[in-house]
Structure formats: structure tokens, C-alpha cells
Amino acid sequence: MKQEHDKDFHARRRAVVGGSDCAAALGCSRFRTAHELGLIKLDLLPDVQPETEKLYFGRVMESVAANVYTDRNHCRVRRCNQQLRSAEYPWMGAHIDRFVVGARIGLECKNVDANAYRYGEWGPSGTDEVPGEYLLQAAHYAVVTGIREWHFAVIVGGNRFAQYVVHVDAELEQLVIEGERAFWQYIERGEPPPLDFRHASALPLLKRLYPGTDGREVNLSTDYVHWHHVRLDAEEQIKHYEAVSAGAKAHLLHAIGNAAAGVLPDGGMYRRKVVHRAGYAVDPCDYVDFRYVKSKE
């Protein structure tokens with residue numbers, strides 16, 4: 001029964017743009033392109049989310065964040081165990097973590113790594129400074145539910161609580177509606193949006209789409225000569241700056257000599273220490289080797 005439930009759950013998710021999809025649909029996600037999201041919605045690519053410690057604790061800490069939120073704010077919350085759909089915009093759906101009882105407030109619970117919190121886009125607790133993906137998620141939920149005040153209960157590093165309050169305005173709602181409408185028009189045509197080749201997730205996605213070879217040889221058009229030279233030029237620049245970096249490192253190591261540390265005038269320092277690394281064996285695996293071979297002519 002659980003397997004069938006999971007199939008139904010994923011089918012319902014594919015049928016709509018959810019709150020966690022919003023940033024990708026608008027081309028604003030750091031982790032996924034609109035193209036990849038489109039492939040998933042069209043059932044052309046599985047939404048692979050292997051069970052990791054991070055995902056596991058994200059689920060576990062959701063209840064913890066909600067409980068701390070109720071204690072700190074002297075209120076009650078209720079779960080939302082069903083998918084909500086917008087009557088006006090049928091492609092918009094939502095799975096809400098909690099609603100605050102007796103108030104028009106939605107609650108989202110997050111479990112955040114301490115370093116991701118410290119060096120990420122989170123502002124001080126009590127403000128509305130949340131990462132862009134979460135701001136768009138709140139705006140998406142505002143359109144679906146009509147509730148414009150969204151609170152984020154955040155467990156940081158497993159031992160700290162932070163809270164954020166986002167008031168969604170009509171302008172942001174309209175931006176989300178139009179952006180998701182444009183995305184969904186691609187889905188209705190049966191095609192994903194164009195791939196943003198410069199996105200950090202583009203290469204990992206292409207490796208998933210083309211994991212092996214079929215033995216064919218294809219002729220590339222002159223358009224791809226441009227991209228060939230772009231790659232070569234970029235790699236030459238990388239080599240140049242790696243050489244500059246190595247030269248700078250050599251200057252510093254020469255100055256430090258056999259000392260354990262070299263301290264700069266501003267108090268920053270370079271440390272040297274001996275690290276013993278145990279030997280290890282690499283497990284067998286398959287991968288696709290992609291490299292340029294010069295013409296013999």
C-alpha cells in the first residue's frame with residue numbers, strides 16, 4: 001500500500017507546480033533548471049532524491065521546528081495532509097507544512113546546516129530575510145491559499161531556533177503567476193523549457209540524461225565550432241590563473257619556510273601541518289569519459 005501511495009503522491013506532484021518547484025520554474029533556483037523541472041513534470045526524467053541523512057533529518061526536524069514555534073509564540077498549529085490546488089490557476093498546487101490555528105498565517109518548517117545558515121542568504125532571526133527560493137515558495141503558497149503571511153520556523157545546526165515572517169505583496173504574487181504560467185505552457189505543449197547551459201546543474205543533468213554511448217558518430221555543425229573554441233579559450237584562462245595562483249602560493253611558502261604558520265599584518269594566517277592519509281582502494285565503477293581529440297590532419 002505504501003508503494004502505491006508513493007506512486008500516487010509523485011503523480012499528483014507531477015501534475016502541478018508546487019511551492020518547492022516555484023524557483024526552478026521561474027529560472028531562479030540555484031539547484032535545478034526549468035528544463036530539468038520540465039522533464040520531471042513530463043515524466044521524462046525521474047525526480048531522483050535518494051534517501052540521505054539530510055533528507056531524513058529534514059523530515060524528523062519538521063515536527064521539532066513546529067513544536068518550538070508553538071512554544072515560543074504561545075499558539076497552536078495544525079498539519080495540512082492533502083495537496084491544495086488553486087481554483088483560478090489549476091497548474092498551481094501546494095503541500096503546506098502547517099497552518100496557525102485562529103490566524104491567517106501559514107508555517108513552513110526548515111532544518112538548516114549551521115554553515116549554510118551562516119554563509120547563506122538568511123538574515124537575522126525575526127526579519128523577512130529568507131533565501132530567494134523560500135520567498136518564492138511563500139508567494140506561491142499565497143496565491144494558492146489566499147494567505148499572505150508566512151512564517152518560517154528554522155532549526156539551525158540542530159541546536160538553535162530562528163524565526164522569519166514574510167508578508168507577500170501583490171506584485172510578487174503576479175510575478176509568480178506569470179512565471180509559472182509561462183513554464184506550464186511548455187508542459188502543455190509536451191516540451192520542457194530550453195536548458196540554461198551555464199547553470200551549475202546543467203552538466204550533472206546531461207550526464208544523467210546520457211549515461212552511456214550507443215556507438216554512433218554524429219557530425220556537429222559549424223555552430224559547435226564556436227563552443228569548441230569557447231571551451232579551449234576558457235581552459236587556457238583557467239591554466240593561466242592556476243599558474244598565477246601557484247606562483248603566489250610559492251611566494252608565501254618560501255616566506256614561511258619550515259614554520260607552522262605565517263601571520264599576515266591583518267591577523268590572517270597561513271598554516272602548515274603534516275597530515276597522514278591512509279591508503280585506500282577505489283571501488284569499481286562505470287563512467288563516461290568525455291574529452292577532445294585533435295584531428296590527425
Side-chain angles (χ1 to χ4, degrees), residues 17-34 36-37 49-77 79-80 94-100 103-145 147-176 179-180 196 198-201 204 268:
V17 177
S20 58
D21 298 328
C22 181
L26 271 62
C28 299
S29 171
R30 293 167 291 176
F31 312 107
R32 175 176 283 174
T33 62
E36 181 178 350
L37 181 63
Q49 284 191 316
E51 181 65 19
T52 62
E53 288 282 273
K54 183 178 181 180
L55 289 174
Y56 171 75
F57 280 102
R59 291 196 301 273
V60 171
M61 298 301 284
E62 178 183 315
S63 295
V64 175
N67 290 339
V68 176
Y69 174 87
T70 59
D71 288 343
R72 298 285 177 91
N73 294 278
H74 309 290
C75 64
R76 291 188 301 120
V77 298
R79 291 178 180 269
C80 181
H95 284 93
I96 311 297
D97 286 347
R98 305 286 193 281
F99 289 109
V100 177
R104 289 184 58 77
I105 298 172
L107 176 66
E108 284 296 301
C109 303
K110 306 296 181 184
N111 182 51
V112 182
D113 175 81
N115 284 330
Y117 181 83
R118 181 179 179 183
Y119 299 110
E121 299 178 356
W122 297 94
S125 181
T127 69
D128 63 355
E129 297 174 31
V130 300
E133 287 92 347
Y134 295 153
L135 177 63
L136 291 174
Q137 183 180 26
H140 175 95
Y141 289 159
V143 175
V144 174
T145 65
I147 295 174
R148 286 185 163 177
E149 183 173 340
W150 289 86
H151 294 190
F152 288 84
V154 183
I155 300 295
V156 181
N159 57 11
R160 178 183 169 193
F161 179 77
Q163 178 176 321
Y164 298 84
V165 178
V166 172
H167 294 275
V168 180
D169 59 39
E171 184 177 355
L172 183 57
E173 283 187 357
Q174 195 59 38
L175 182 150
V176 167
E180 290 188 8
D196 176 3
R198 299 188 66 175
H199 195 280
S201 70

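Note: Leu175 CG to Asp169 CG = 10.0 Å, rounded to the nearest 0.5 Å. Rounded to the nearest 0.5 Å, atoms CG (Leu136) and CG (Asp21) are 12.0 Å apart. Atom CG of residue Leu37 and atom OG of residue Ser29 lie 9.0 Å apart, to the nearest 0.5 angstrom. With rounding to the nearest 0.5 angstrom, the OG1 atom of Thr33 is 15.0 Å from the CZ atom of Arg198. With rounding to the nearest 0.5 angstrom, the CD1 atom of Ile147 is 4.5 Å from the CZ atom of Phe99. The SG atom of Cys22 sits 9.0 Å away from the CG atom of Leu135 when rounded to the nearest 0.5 Å.
The two atoms that bring Ala24 and Arg32 nearest to each other are CB-O, 3.7 Å, heavy atoms only. Residues Glu108 and His95 come closest through the heavy atom pair OE2-O, 4.3 Å. Scanning all heavy atoms of the two residues, the minimum distance from Ala170 to Arg148 falls at CB-NH2, 3.5 Å. The shortest non-hydrogen separation linking Val144 to Ala94 is CG1-CB, 4.0 Å. Here the closest heavy-atom approach between residue Met61 and residue Gly158 is recorded as CE-CA, 4.4 Å. Nearest heavy atoms, Val156 versus Ala114: CG1-CA, 4.0 Å.
With hydrogens and angles left out, the side-chain atoms of Arg79 and Ser63 include a donor and acceptor closer than 3.5 Å. Side-chain contact, His140 with Glu180: a donor N or O sits under 3.5 Å from an acceptor N or O.
Judged purely by atom type and a 3.5 angstrom limit, Asp97 uses its side chain to pair as donor or acceptor with the backbone of Cys109. Judged by distance alone, the side chain of Asn73 and the main-chain N or O of Tyr69 form a donor-acceptor pair under 3.5 Å. Without hydrogens or angle criteria, Thr70 side chain to Arg76 main chain gives no donor-acceptor distance under 3.5 Å. A donor-acceptor contact shorter than 3.5 Å links the side chain of Tyr164 to the backbone of Gly123.
More than 12 heavy atoms of other residues, nucleotides or ligands lie within 6.0 Å of CZ in Arg30, so this atom counts as buried by the packing criterion.
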Would you please test Phe161 and Ile155 for side-chain contact (heavy atoms from CB on, under 4.5 Å) and show each step? CA-CA 5 Å; Phe161 179 77; Ile155 300 295; 4.0 Å; yes

Start with the C-alpha distance between Val100 and Val77, add both sets of side-chain angles, then the distance that settles side-chain contact (heavy atoms from CB on, under 4.5 Å), and finish with yes or no. CA-CA 4 Å; Val100 177; Val77 298; 4.2 Å; yes

What verdict does the side-chain contact (heavy atoms from CB on, under 4.5 Å) test give for Arg104 and Glu149, after you've listed the backbone C-alpha separation in whole Å, the side-chain angles of each residue and the deciding distance to 0.1 Å? CA-CA 7 Å; Arg104 289 184 58 77; Glu149 183 173 340; over 6 Å; no

His151 vs Arg98, side-chain contact (heavy atoms from CB on, under 4.5 Å): CA-CA, chis, key distance, verdict: CA-CA 10 Å; His151 294 190; Arg98 305 286 193 281; over 6 Å; no

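Residues Tyr134 and Trp150 keep their aromatic ring centres 6.0 Å or farther apart.
Counting heavy atoms from C-beta outward, Asp128 and His167 have side chains that stay 4.5 Å or more apart.
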